[in-house]
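Notes follow the structure.
Values reported hereafter were calculated over all heavy atoms of this structure, with side chains retained and with hydrogens, waters and symmetry mates removed. Residue numbering restarts at 1 for every chain, and letters A, B, ... go by the order of the sequence lines.
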Amino acid sequence: MNILAEIKRRFSSVLSEYADHPAPLLDMIRPVQDARHGDYQANCAMPLGKKLGRPPRDIAAEMVARVDLADFCQAPEIAGPGFINLKISDAFLLASLETARRDARLGVAPTAQPKTYVVDFSSPNVAKSMHVGHIRSTVIGDALCRLLRFLGHRVISDNHLGDWGTQFGMIIYGYKHFRDGAAYSTQPVKELERLYKRVNALLEYHAGKAKLPQLEQALADKQAEHAAAQAAPKSDDKKQAKRDAKHLKDLEKSLADLRKQREVVQQKIAAVEKDDALRQDALSHPEIAQAVLNETAKLHAGDAENRQLWDEFLPQCRASIQKIYDLLGISFDYEYGESFYHGRLGQVVQDLEKRGLARQSDGAMCVFLDQFETPMIVRKRDGAYLYATTDLATIAYRLEQWRPDAILYVVDHRQGEHFGKLFAVAAQMGCENVDLQHIGFGAVLGEDGRPLKTRSGENVPLDSLIAHAIEAAHAEVCRIDEEAGLLSEEQREKVSRVVGVAALKYADLVQNRESDYVFSYEKMVALRGNTATYMQYAYARTQSIFARGGIDIESLRNSAAVISINEPAERALAMELLRFSEALEECGADYRPNHLTGYLFELAKQFSVFFEQCHVLKAETEALRDSRLLLCDLTGRTIRQGLELLGIQVVEKM
RNA sequence: GCCCCGGUAGCUCAGUUGGAUAGAGCAUGGGAUUUCUAAUCCCAGGGUCGCAGGUUCAAGUCCUGCCCGGGGUGCCA
């Protein structure tokens, strides 16, 4: 049961006698921030006091007299300017624990208003290997699906694969010109990856060659501008002087920027030039950029040979991505990639035109929107469609196919403007009944505060990130188990895999998704503090008690044994256990899994205190021992369930 | 230029949409172990919540201005 919801329910009839719209007042009932004030607090007397011109404490007293809470709260206390402090009675606590203990859902009722959600997440380009840029969408999206499903909603997960763009033109071109037949027949995916990289290197080489003179020129211009600004006499006007100083600083920044750009371009050029084979390829394929576009265009136009190659490559590329999903334990209900919508794009543009929403501008088909300075382009000058077009077609299909109440896009927050435009256009096309939500998230940064890269400046591949995490976990598991000697080598490896992947996922989920976060191997290696490991450890300790005591916990759970509360640590643990459903609801309300990580950390901490202070197996009486065993059982199940909703597993021993 | 996001302890970050004395982890210092798993627990120090105004019973939270950082900004996704 959700205690908070119940308290609100009790208050609602009383509050409606004080205000026409009690909803905002009800929202002022919440868990206390400081345990000294009880368990829950109602803060509505203060604003009412102001509104009614009466002392808030009087109003609080009046409300307390009228609200019926006797069956589950101790006598409410009025404190400070008019806070109403509530403390849940032990009798009620115990009754709730009894319900939860026998319930597979731990007392969490499914929502009374189930909705249908489509969750769009992960969405990698299949031609490239997945890298650190995909981890947040994948991990957060998966957790949201699990959470919403558990809350009782219908959830459809859809991996909107990038399986149709230029990257396939690149592979096709590479296959036609550079393939190693033997390598392809034995290790096709590896060979395709090599071809992609080779073509990419050549593209970057030529682009760099073309861009370098412009860069040099821009750099020279900027330098001149900077010199002039520096030489200019200081203005007497204070404001002007300040503006000049800022201008100078901006110039320095863009100079540094340009230098960095030049360095990157030079590196790409050097990479090709220092490799004889690559240099030869670069010389004999001067028009590769156009050629790749042509291959892409041919594929899109239905060219038989390219289409056949695509049919051949796609499953292999997809299979290599699957390895990552398998490691992470992630799956999807549907995978309608970009290619799926290819045939529908023309219709989308026609529709927009027919409705008078889109018009030609500089040769491109554009939708202009009042709220945005730049238009949404749905067809390029050269006739090609863009991802905005695909996204519109995708919305139309999803509405038709699943009639969702909401579509969640778990995508990097830098694409906020794109989604702003997309949703605005969708609304104009008559999609008012669906709640379109961009679930944005921040960047993964390295310890230098810049986006995480390898030493050579590449995106960090996801498989190496996972391997690192598991390796780090393995080192830690071995170090700790050296003394304890609980685990066989096989078990150590299993534990390392579970703990390593959990550490990686948790590091992402514990963060408020909207902010950037600094990724640190060191922190992950530590596996201490607010980490998944801490929760997994707490879980293992619950199971270890059962094993040590030779307890058949399932039969105890269904026996007549009862839970009792004697020590403060028991009460704190019990109270925390009953807040599970509140935490889940918070996650569902703003699509932020970090509410749940925070809850689980609190729960695990309370359990650790309980574990220290309340010996289970050596309890004074059998009844007390059974009661504590049941508390351990509920704690273990809640941790396991909570972690599962985050896509994280537990182990029985670690 | 315009738009969006951020600035909270030495570091990494929470802060339940305006509530009581601003929290956690790490790091630092001290303490607890014949252990139901010490991957643990307890205690301590550490803050101009970027700056300045405003709104009100109450502001880290809302409004205005400014400073600093990041991101986006018509034919990539």
Show every donor-acceptor pair shorter than 3.5 Å between a side-chain atom in residues 602-615 of chain A and any protein atom, with sequence neighbours excluded, or say none if there are none.
{"residue": "A/Ser608", "atom": "OG", "partner": "A/Tyr534", "partner atom": "OH", "Å": "3.3"}
{"residue": "A/Ser608", "atom": "OG", "partner": "A/Ala604", "partner atom": "O", "Å": "3.2"}
{"residue": "A/His615", "atom": "ND1", "partner": "A/Lys618", "partner atom": "N", "Å": "3.1"}

For B/rC41, the Watson-Crick or wobble counterpart (both distances under 3.5 Å):
B/rG31

Gap in Å between the two P atoms, one belonging to B/rC3 and one to B/rU61, rounded:
22 Å

A/Met376 atom CE is separated from B/rC3 atom C1', nearest whole Å, by 18 Å

Sidechain N-carboxylate O distance under 4.0 Å for A/Arg450, A/Asp448:
no

Yes or no on salt bridge (charged side-chain N to carboxylate O under 4.0 Å, His left out) for A/Glu514 and A/Arg592, after CA distance, side-chain angles and deciding distance?
CA-CA 9 Å; A/Glu514 314 216 63; A/Arg592 282 207 277 237; 3.1 Å; yes

Looking at B/rC26, which nucleotide sits across from it as a Watson-Crick or G-U wobble partner, both distances under 3.5 angstrom, or is there none?
B/rG10

Which is true for A/Asp412 with a 4.0 Å heavy-atom rule: it touches a base, it touches only sugar-phosphate, or it touches nothing?
nothing

Between N or O atoms, less than 3.5 Å apart, protein on one side and nucleotides 29-34 of chain B on the other: list the pairs.
none

Please check if the side chain of A/Ser496 supplies one atom and the backbone of A/Arg492 the other of a donor-acceptor pair under 3.5 Å.
yes

What contact category does A/Ala540 fall into here, base, sugar-phosphate, or nothing, at under 4.0 angstrom with non-hydrogen atoms?
base

Nearest nucleotide by nearest heavy atom, which residue falls closer to the 5' end of RNA chain B, A/Cys44 or A/Asn512?
A/Asn512

On RNA chain B, does the nearest nucleotide to A/Arg36 precede the nearest nucleotide to A/Glu652 from the 5' side, or the other way round? Give the residue.
A/Arg36

Is A/Asp508 paired with A/Arg513 through a side-chain N to carboxylate O contact shorter than 4.0 Å?
no

Calculate, to the nearest 0.5 Å, the distance between atoms SG and CG belonging to A/Cys632 and A/Leu629 respectively.
6.0 Å

Tell me which nucleotide among B/rC41, B/rG19, B/rU12 gets nearest to the side chain of A/Val518.
B/rU12

What interatomic distance, in whole Å, is found between C1' of B/rU17 and the corresponding atom of B/rG29?
38 Å

Say you pick atom P in B/rG45 and the same atom in B/rA58; how far apart are they, in whole Å?
30 Å

Quote, to the nearest angstrom, the C1' distance that separates B/rC13 from B/rG47.
15 Å

Can you tell me if A/Phe611 is stacked onto the base of B/rC36, using a 5.5 Å centroid cut-off and an angle below 30°?
yes

Please determine whether a side-chain nitrogen of the Lys or Arg among A/Arg381 and A/Asp362 lies less than 4.0 Å from a carboxylate oxygen of the Asp or Glu.
no

Could you run down the sub-3.5 Å N/O contacts of the protein with nucleotides 75-77 of chain B?
{"residue": "B/rC75", "atom": "O2", "partner": "A/Arg381", "partner atom": "N", "Å": "2.9"}
{"residue": "B/rC75", "atom": "N4", "partner": "A/Asp362", "partner atom": "O", "Å": "3.0"}
{"residue": "B/rC76", "atom": "OP2", "partner": "A/Lys380", "partner atom": "NZ", "Å": "2.2"}
{"residue": "B/rA77", "atom": "OP2", "partner": "A/Tyr387", "partner atom": "N", "Å": "3.4"}
{"residue": "B/rA77", "atom": "O3'", "partner": "A/Glu338", "partner atom": "OE2", "Å": "2.9"}
{"residue": "B/rA77", "atom": "N7", "partner": "A/Tyr387", "partner atom": "OH", "Å": "3.3"}
{"residue": "B/rA77", "atom": "N6", "partner": "A/Tyr387", "partner atom": "OH", "Å": "3.0"}

Between the base of B/rA20 and the side chain of A/Asn85, is one N or O donor paired with an acceptor at under 3.5 angstrom?
yes

So, A/Tyr599 side chain and A/Glu576 main chain: donor-acceptor pair closer than 3.5 Å or not?
yes

Geometric class of the A/Tyr336/A/Tyr341 ring pair [parallel <30°, tilted 30-60°, perpendicular >60°]:
perpendicular

Got a sec: does the CD of A/Gln491 have more than 12 other heavy atoms crowding it under 6.0 Å?
yes

State whether the aromatic ring of A/His413 stacks on the base of B/rG71, taking stacking to mean ring centres under 5.5 Å apart and ring planes under 30° to each other.
no

Determine the Euclidean distance between corresponding C1' atoms of B/rG19 and B/rU56; express it in Å to zero decimal places.
13 Å

Stepwise, does the side-chain hydrogen bond (donor to acceptor under 3.5 Å, both in side chains) test hold for A/Gln167 with A/Asn125?
CA-CA 8 Å; A/Gln167 66 272 26; A/Asn125 274 331; 3.0 Å; yes

According to a strict under-4.0 Å criterion, is A/Arg541 in side-chain N/O contact with OP1 or OP2 of B/rC36?
no

Contact class for A/Ala384 vs. all strands (heavy atom < 4.0 Å): base, sugar-phosphate, or nothing?
nothing

Between CG of A/Asp508 and C1' of B/rC13 the distance, given in whole Å, is 14 Å

Who does B/rU73 pair with, Watson-Crick or G-U, both distances under 3.5 Å?
B/rG1

Rounding to an integer number of Å, can you tell me how far A/Lys653 NZ sits from B/rC36 P?
17 Å

For A/Ser339, is there any backbone N or O sitting under 3.5 Å from a side-chain donor or acceptor partner on A/Asp163?
yes

Rounded to whole angstrom, note down the C1' distance from B/rG25 over to B/rA14.
10 Å

Short side-chain N/O contact from A/Arg450 to OP1 or OP2 of B/rG71, under 4.0 Å
yes

Over how many whole Å does the gap from A/Glu582 atom CD to B/rU17 atom P extend?
12 Å

Applying a 3.5 Å limit to both distances, which nucleotide forms a Watson-Crick or G-U wobble pair with B/rC51?
B/rG65

Please state how far atom CD in A/Gln613 lies from atom P in B/rC42, giving the value in whole angstrom units.
8 Å

Interatomic distance where NZ belongs to A/Lys421 and P belongs to B/rG74 [whole Å]
8 Å

What interatomic distance, in whole Å, is found between C1' of B/rG31 and the corresponding atom of B/rC67?
45 Å

Going by centres under 5.5 angstrom and planes under 30 degrees, do the aromatic ring of A/Phe83 and the base ring of B/rA20 stack?
yes

Answer with base, sugar-phosphate or nothing: what part of the nucleic acid does A/Glu417 contact at a heavy-atom distance below 4.0 Å?
sugar-phosphate

Below the 4.0 Å mark, does B/rC36 have OP1 or OP2 next to a side-chain nitrogen or oxygen of A/Lys618?
yes

Would you measure the distance from the C1' atom in B/rA24 across to the matching atom in B/rU37 and give it in whole Å?
24 Å

For the backbone of A/Val411 and the side chain of A/His438, can you confirm whether one donor and one acceptor N or O come within less than 3.5 Å of each other?
yes

Take the protein atom OH of A/Tyr506 and the nucleotide atom P of B/rA39, then report the distance between them rounded to whole Å.
19 Å

Respond yes when some side-chain nitrogen or oxygen of A/Arg592 is under 4.0 Å from OP1 or OP2 of B/rU16, and no when none is.
no

For B/rU17, glycosidic torsion class - syn if within 90° of 0, otherwise anti
syn

How would you label the contact of A/Ser515 with the nucleic acid (heavy atoms, under 4.0 Å): base, sugar-phosphate, or nothing?
sugar-phosphate

For A/Phe423 and B/rC4, what is the distance between atoms CZ and P respectively, to the nearest whole Å?
17 Å

Could you tell me whether the phosphate oxygens of B/rC41, OP1 or OP2, come under 4.0 Å of any side-chain nitrogen or oxygen in A/Tyr534?
yes

Using only side-chain N and O atoms of A/His615, determine if any of them is under 4.0 Å from OP1 or OP2 of B/rC36.
yes

Let's see if you can work this out: which of B/rA20, B/rA27, B/rG15 has an atom nearest to the side-chain heavy atoms of A/Gln41?
B/rA20

